[in-house]
Amino acid sequence: QVQLVESGGGLVQTGGSLTLSCAASGRTLSSYAMGWFRQAPGKEREFVAAKNWSGGSTYYSDSVKGRFTISRDNTKTTVYLQMNSLKPEDTAVYYCAASYTKVGLTTGEAYAYWGQGTQVTVSS
């Protein structure tokens, strides 16, 4: 089992940048594909980004493509979401998740483990 803890959220102005971190405890993330999802107040959870490092596939939602980047550190214990050119509509609680099935990575059902979330607020 892997425990995930997100950090790095906060308040930023439109056009600004934030980097979210997702740290694993208990084991490395080398066996997992990783994803980021977000949920805004009153809305359903939505897919943001995912990457399968063993297969090399990377996925981004259309709303963040070109602005967000998912990456992992060399120790394979932390996954990042670099967010640039932030917009007010990016305001949400962001969650990281780990998938060992590595299929259907744009859907929440693919993920067995989830973090507790970190709040990102983009002011206009």
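Keep in mind it's a predicted model, so treat the numbers as computed, not measured.
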(request) Measure the spacing between CZ of Arg67 and CG of Asn84 and express it to the nearest 0.5 Å. (result) 9.0 Å
(request) May I have all residue pairs that pass disulfide bond (SG atoms under 2.5 Å apart) and include part of residues 28-84, sequence neighbours excluded? (result) none
(request) Would you indicate whether the side-chain heavy atoms of Ser54 and Lys102 approach each other to under 4.5 Å? (result) yes
(request) Quick one: pull up OG in Ser124 and NZ in Lys87 and give me the separation to the nearest 0.5 Å. (result) 14.0 Å
(request) Measure the CD-OG1 distance between Gln119 and Thr91 for me, rounded to the nearest 0.5 Å. (result) 7.0 Å
(request) Look up atom OG in Ser7 and atom CD in Gln116, then write down how far apart they are to the nearest 0.5 Å. (result) 8.5 Å
(request) Output the rest of the hydrophobic cluster of Val93: all Ile, Leu, Val, Met, Phe, Trp and Tyr residues reachable through side-chain heavy-atom contacts under 4.5 Å, sorted by chain and number. (result) Phe37, Phe47, Tyr59, Tyr95, Leu105, Tyr111, Trp114
(message) Looking at every non-hydrogen atom in both residues, tell me the closest pair between Ala110 and Ser99 and how far apart they are.
(response) O-OG, 2.7 Å
(request) For the residue pair Leu11 and Ser123, establish whether any side-chain heavy-atom pair is separated by less than 4.5 Å. (result) yes
(message) Between Asp62 and Lys65, does the salt bridge (charged side-chain N to carboxylate O under 4.0 Å, His left out) criterion hold? Intermediate values first, please.
(response) CA-CA 5 Å; Asp62 289 342; Lys65 195 173 296 182; 3.4 Å; yes
(request) Spell out, as yes or no, whether a donor-acceptor pair under 3.5 Å connects the side chain of Gln82 to the backbone of Thr19. (result) no
(request) Take atom NZ of Lys76 as the centre, draw a 6.0 Å sphere, and report whether it contains more than 12 heavy atoms from other residues, nucleotides or ligands. (result) no
(request) Please list all pairs passing the disulfide bond (SG atoms under 2.5 Å apart) test where one or both residues lie in residues 16-108, with sequence neighbours left out. (result) Cys22-Cys96
(request) Just grab all the disulfide bond (SG atoms under 2.5 Å apart) pairs involving residues 27-83, residues at least two apart or on different chains. (result) none
(message) Let me confirm one number: the CZ-CZ distance from Arg38 to Arg45, rounded to the nearest 0.5 Å.
(response) 13.5 Å
(request) Calculate, to the nearest 0.5 Å, the distance between atoms CZ and OG1 belonging to Arg72 and Thr28 respectively. (result) 8.0 Å
(request) Heavy atoms only: give me the nearest Thr77-Asp73 pair and the separation to one decimal. (result) N-OD1, 3.2 Å
(message) For Glu89, give me all partners under salt bridge (charged side-chain N to carboxylate O under 4.0 Å, His left out), at least two apart in sequence or on another chain.
(response) none
(request) Could you identify which residues cluster with Tyr60, counting Ile, Leu, Val, Met, Phe, Trp and Tyr as linked when any side-chain heavy atoms lie under 4.5 Å apart, either directly or through a chain of such contacts? (result) Val2, Leu4, Val12, Leu18, Leu20, Leu29, Tyr32, Met34, Trp36, Val48, Trp53, Val64, Phe68, Ile70, Val79, Leu81, Met83, Leu86, Tyr94, Tyr100, Tyr113, Val120, Val122
